[in-house]
Amino acid sequence: MSKQSGRGRVAGLPDWDRCAVMGVVNVTPDSFSDGGRWFDTTAAVKHGLALVTEGADLVDVGGESTRPGATRVDEAEELRRVIPVVRGLASDGVVVSVDTMRASVAAQALAAGAALVNDVSGGLADPEMIPVVADAGAPFVVMHWRGFLEGGNVKGVYEDVVSEVVDELHARVDAVLAGGIAPDRVVVDPGLGFSKEAGHDLTLLARLDRLHGLGHPLLVAASRKRFLGRVLAGPEGAPPPARERDAATAAVSALAAQAGAWAVRVHEVRATADAVRVARAVEGARTDADIPDEGVTDGAHSTPDAPTLEDTRPSRTPHGAEGAR
């Protein structure tokens, strides 16, 4: 694990010195948040590049909605949606994650330039997923999952949500490691919103330290989710639409970064990119404040190495221009 709050790093990916920002590109007509907006390949690639310009460190491309009650697309359609977008972004130097539960899609996406496989089922939906990822030597996100979000799986039942999620993730990580994926390429995700009520999600966010106990970098994917709508609505009000939850998402991103998350997955990047950089600046100032400065006299204290907001501000340079990330 790195010194930055035990954040850790993932082999095969860049080593960011703060919580990374994973931007979302949904190449779907029916995602809960932005379905249909980026369904065209050209529009999806353009959107992914815009997310990088706004501060995304990597871009997660998915061709299948995982909202409750969503109908699964067939393999051919998922491939048609995802592979050209992965190839287009990767060819422009973007670090690409593929969001899929199908081994065939993961394999072709990795061949097209994807660097990470983000499987919300943690390899449970397709028994070929783990061998494919292991053979490719790719990093793999293991999310807490209790099945497709339909019927009784939509609302999870827990006696102790933190302990049960940690235990179930631990078992899943063991299976992934036994399948040949290297320990330094495993990321864990508590699966906010998947078979969980708003109270469950908030409790998991409050106890991210328990997730860190699994010993792997942590991805937090709270963007625009239902529990944020419940928080914003209050006890009597109606939840705001998904696209009106971005400020709340940025707040969670800052909290997750402060708690040592490796990355946060978000639809609207700019506010979260700023939030995690502020969290990193505060983290650096706190670290320096804990170290006595032997060169300072008369009670003054100096923190010359603490990053400033200017140091941590994301590049606004158009993607592809000199100095762009």
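FYI, side chains are in, hydrogens and waters are out, and symmetry mates aren't considered; it's all heavy atoms of this structure.
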Looking at Glu283 and Arg286, is there a salt bridge between them, counting it only when a charged N and a carboxylate O are closer than 4.0 Å? no
Hey, are Thr41 and Arg81 close enough side-chain-wise for a donor-acceptor pair under 3.5 Å? no
State whether the side chain of Arg7 and the backbone N or O of Ala257 hold a donor-acceptor pair below 3.5 Å, judged by distance alone. yes
Can you tell me if His216 uses its side chain to pair, donor with acceptor, with the backbone of Val142 under 3.5 Å? no
Which distance, rounded to the nearest 0.5 Å, do you find between the CG of Leu51 and the CD of Glu268? 9.0 Å
With distance as the sole criterion, is a donor-acceptor pair present between the side chains of Asn118 and Asp99 under 3.5 Å? no
Would you say Glu64 and Thr28 are linked by a side-chain donor-acceptor pair, where the criterion is simply a distance under 3.5 Å? no
Any sub-3.5 Å donor-acceptor pair from Arg185's side-chain atoms to Pro139's backbone N or O? no
Does any N or O in the side chain of Ser91 come within less than 3.5 Å of the main-chain N or O of Gly88, such that one atom is a donor and the other an acceptor? yes
Tyr158 vs His200 aromatic rings, parallel, tilted or perpendicular, using cut-offs 30° and 60°? perpendicular
May I ask you to say whether Lys225 pairs ionically with Asp201, meaning some side-chain N is under 4.0 Å from a carboxylate O? no
Are any non-hydrogen side-chain atoms of Leu205 and Leu255 less than 4.5 angstrom apart? no
Minimum-distance pair of heavy atoms, taken over all atoms of His144 and Lys196: ND1-NZ, 2.8 Å
Can we say Asp209 and Arg207 salt-bridge, meaning some charged N sits less than 4.0 Å from an Asp/Glu carboxylate O? yes
Which of these, Glu75, Glu128, Glu78, sits in a salt bridge (charged side-chain N to carboxylate O under 4.0 Å, His left out) with Arg102? Glu78
Salt-bridge test for Arg18 and Asp57: reply yes if a basic N is under 4.0 Å from a carboxylate O, no otherwise. yes
